[in-house]
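Sequence positions, counted from 1, serve as the residue numbers for this chain. Note that ligands are numbered from 1 as they come in the structure, with each ligand's atoms numbered from 1 the same way.
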Amino acid sequence: MQKKEALLLKLEELGVLQFGQFTLKSGLSSPFYLDFRRVVAYPQLLKEISEQLWELIKDLEFDHLCGVPYAALSLSSALSMMHNKPMIVKRKEVKKHGTKKMVEGVFEEGQKAVVIDDVISSGISMIETLEVIEAEGLEVDYVISIVDRMQGGVSTLEKQGYQALSVYTIAEILDILYRHDRIDEQMYNLTLAFVQNNQIGYEQLRLQRKAVPRLNYSTIKVNTQNGVTKRLIDIMEQKQTNLCCSADVGTKAKLLQLAQEVGPYIAVLKTHMDSIEDFDQELVIELQALAKRHNFLLFEDRKFADIGHIVQQQFKAAPYCIADWADLITVHVVAGASSVDALKQIALQKNVGLIVVAQMSTVDTLTSREYMKKALAIAQDQQEVVVGVVSQNKRPRDAGLLMFTPGIKLGGGSDNLGQQYNHPTEAFEKRGIDLMIVGRGIYQDEQPAQKAAEYRKVGWEAYLKRL
Ligand code: 5BU
């Protein structure tokens with residue numbers, strides 16, 4: 001018999017795997033229960049489980065082991081001693097005396113940790129630990145567990161960019177136990193059906209999470225040296241709006257009409273000038289006049305993405321001459337920090353703020369967690385010219401940068417080309433965004449002005465509420 005299989009049978013014998021009727025923490029009634037806390041009573045078992053966990057990570061490069069408190073602390077301790085790997089401990093609560101550290105141990109920023117939990121169900125305990133240790137500057141690529149309950153946690157973690165590895169899935173456990181007559185067919189089917197019918201999705205989990213206190217606009221203003229950021233925050237505070245209208249219409253006339261209508265309710269008007277079929281400089285002059293009259297900034301969402309030499313040309317070249325009129329532009333950092341460096345030279349002269357695209361809103365975006373973190377680091381390094389980032393669920397650690405978020409619509413949902421929408425309240429309160437970017441939610445409405453007013457109200461109230 002395989003070691004893994006023999007170990008599982010022992011776990012069942014010792015009451016770690018239990019079948020029957022149990023009430024879970026969530027109030028749900030479950031036909032099975034996994035109580036790995038019992039393992040501390042059986043040192044040999046702890047050793048055998050730890051050996052199986054080690055198999056998952058033995059070829060990976062990492063500096064620290066971290067167990068999710070409390071159940072996995074014994075696992076991380078055992079692994080640490082067996083394989084001579086340092087361990088860090090995440091506190092469950094902040095200490096009242098002495099240092100206010102949330103992570104105990106000896107570590108440096110940029111070091112890698114593997115996080116361990118006994119069971120992954122929704123993924124929430126794991127995510128809470130990950131947030132704390134990442135806030136201390138540690139990096140995590142892999143998370144491991146003894147059992148994947150197959151209820152959505154692994155896919156939630158993977159959506160966030162982690163690789164989740166487990167010794168057993170619940171399906172494997174059922175197979176082994178059934179083959180060894182430890183459970184009957186009815187229990188097998190009941191348990192599998194329970195798992196299938198009780199999936200906790202990523203979106204649902206996000207909504208359930210507690211709001212994290214976020215920065216207010218005045219704090220960001222105090223922490224920035226960037227003149228464009230200060231101007232933008234002044235506008236937002238004066239007009240009490242955090243709305244950026246994405247004016248993705250196709251003609252000059254439509255664009256001017258929309259800008260005129262939504263002007264009083266927005267802080268920023270965002271454009272894609274290369275999709276205006278009759279674009280000319282007259283349009284720019286008229287838009288500038290409207291921007292002045294209604295007090296908003298002009299944001300050309302050009303998403304520069306080429307080598308430095310080319311983005312400089314694209315930034316200045318006719319017919320768009322973006323550098324001459326835009327207050328804000330977007331830049332991808334797929335070519336590295338060099339795109340930002342190149343644009344910076346012109347942007348500082350022309351008083352244009354850069355927004356780094358760190359994470360996209362599409363369902364199959366390639367902006368992985370690794371990419372996003374690097375993009376945020378570039379934004380942080382270049383705050384002289386960078387106003388903020390475009391991202392969905394992560395803001396820069398530095399208090400001087402703004403977080404812009406597209407993919408926002410009151411009705412939520414998606415389009416049929418990959419765009420995914422979130423409700424503004426959820427975005428401001430739960431994810432702590434600073435400005436929402438709304439396109440079709442406004443300009444496809446029969447009354448764009450009224451819609452913009454509605455978004456303004458909802459967005460501002462959600463911002464105030466999160467404070
Ligand atoms: P929508 O109509 O609200 O879906 O328009 C969204 C706008 O935001 C559109 O102009 C996009 O170019 C822009 N956008 C986005 O949707 N997702 C992203 O990740 C980034 C920009 Br970056």
Side-chain angles (χ1 to χ4, degrees), residues 159 161 242-251 254-255 258-259 262 265-276 279 287 297-305 311 320 322 326 328-335 339-340 343 353-369 371-372 374-376 378-379 386-396 401-424 426-428 431 433-446 448 451-452 454-456 458-459:
K159 278 202 176 110
N242 41 38
L243 174 59
C244 164
C245 176
S246 188
D248 302 326
V249 291
T251 63
K254 285 186 188 158
L255 178 51
L258 182 66
V262 302
Y265 312 107
I266 62 173
V268 182
L269 186 82
K270 186 174 85 65
T271 49
H272 287 288
M273 286 306 188
D274 56 2
S275 25
I276 303 290
F279 174 89
L287 271 183
L297 296 188
L298 295 175
F299 171 6
E300 171 60 14
D301 188 8
R302 173 61 180 76
K303 299 193 185 76
F304 294 97
V311 296
Y320 301 111
I322 298 169
L328 295 163
I329 54 166
T330 34
V331 52
H332 278 299
V333 287
V334 64
S339 308
V340 175
L343 292 170
L354 267 49
I355 298 172
V356 170
V357 179
Q359 190 185 21
M360 294 202 63
S361 58
T362 37
V363 64
D364 54 349
T365 178
L366 300 183
T367 50
S368 61
R369 208 172 55 89
Y371 181 93
M372 179 175 67
K374 290 190 174 151
L376 295 182
I378 292 174
V386 173
V387 164
V389 300
V390 182
S391 77
Q392 291 295 312
N393 46 34
K394 194 143 185 116
R395 65 175 308 132
L401 293 169
L402 288 163
M403 173 175 172
F404 294 75
T405 304
I408 301 281
K409 211 177 206 178
L410 284 166
S414 57
D415 68 8
N416 56 6
L417 293 171
Q419 176 71 302
Q420 317 178 90
Y421 291 110
N422 291 295
H423 193 279
E426 188 268 337
F428 281 101
R431 280 180 286 146
I433 74 163
D434 296 314
L435 281 106
M436 60 179 154
I437 298 176
V438 185
R440 283 164 283 182
I442 293 175
Y443 69 80
Q444 280 186 348
D445 196 88
E446 283 179 2
K451 256 290 150 313
E454 189 180 341
Y455 275 96
R456 170 186 165 266
V458 172

Please determine if G407 has a nitrogen or oxygen closer than 3.5 Å to a nitrogen or oxygen of ligand 1.
-> no

By number and element, which atoms of ligand 1 are closer than 4.0 Å to a non-hydrogen atom of V357?
-> 22 (Br)

Among all protein non-hydrogen atoms, which one is nearest to atom 12 (O) of ligand 1, and what is the separation to 0.1 Å?
-> H272 NE2, 2.9 Å

Which of the atoms of ligand 1 are close to M360, meaning less than 4.0 Å from one of its heavy atoms?
-> 18 (C), 19 (O), 20 (C), 22 (Br)

Are the ring centres of Y265 and Y455 closer than 6.0 Å?
-> no

Could you give the distance from CD (Q392) to CD1 (I408), rounded to the nearest 0.5 Å?
-> 7.0 Å

Please report which non-hydrogen protein atom sits nearest to atom 1 (P) of ligand 1, along with the residue it belongs to and the distance in Å to one decimal place.
-> Y421 OH, 3.4 Å

Answer with side chain, backbone, both or neither: which part of K270 has a heavy atom less than 4.0 angstrom from an atom of ligand 1?
-> side chain

Indicate yes or no: at least one non-hydrogen side-chain atom of M403 is less than 4.5 angstrom from one of D434.
-> yes

Side-chain contact, heavy-atom cut-off 4.5 Å: N242 with M436?
-> yes

Identify, for atom 3 (O) of ligand 1, the protein heavy atom at the shortest distance, and state residue, atom and that distance.
-> G439 N, 2.9 Å

Which of the ligand 1 atoms, numbered from 1, are nearer than 4.0 Å to a heavy atom of D248 = 5 (O), 7 (C), 9 (C), 10 (O)

Per-atom contacts, ligand 1 versus Q419 - under 4.0 Å to a heavy atom | 4 (O), 6 (C), 15 (C), 16 (O)

Ligand 1 atoms in contact with R440 (distance to a heavy atom under 4.0 Å) = 1 (P), 2 (O), 3 (O), 4 (O)

Determine whether the side chains of S361 and Q420 contain a donor N or O and an acceptor N or O closer than 3.5 Å.
-> no

Which of the atoms in ligand 1, numbered in the order shown and given with their element, are less than 4.0 Å from a heavy-atom of P406?
-> 8 (O), 14 (N), 15 (C), 16 (O), 17 (N), 18 (C), 19 (O), 20 (C), 21 (C)

CD1 of I322 to CD1 of I329, rounded to nearest 0.5 Å, is 7.5 Å

According to the interplanar angle, ranging from 0 to 90°, do the rings of F299 and F404 count as parallel (below 30°), tilted (30 to 60°) or perpendicular (above 60°)?
-> perpendicular

Contacting atoms of ligand 1, where contact means under 4.0 angstrom from a heavy atom of S246 = 7 (C), 9 (C), 10 (O)

Residue K409 excluded, over 12 heavy atoms near NZ under 6.0 Å | yes

Taking all atoms of both residues into account, what is the closest heavy-atom pair of V356 and A375, and its distance?
-> CG1-O, 3.9 Å

Hey, are the side chains of L287 and M273 touching, using non-hydrogen atoms and a 4.5 Å cut-off?
-> yes

Check whether any N or O atom of S361, backbone or side chain, sits under 3.5 Å from an N or O atom of ligand 1, and answer yes or no.
-> yes

Hey, which atoms in ligand 1 end up nearer than 4.0 Å to a heavy atom of D301?
-> 12 (O), 13 (C)

Pick one of side chain, backbone, both or neither for how K303 approaches ligand 1, counting any non-hydrogen atom pair under 4.0 Å.
-> side chain

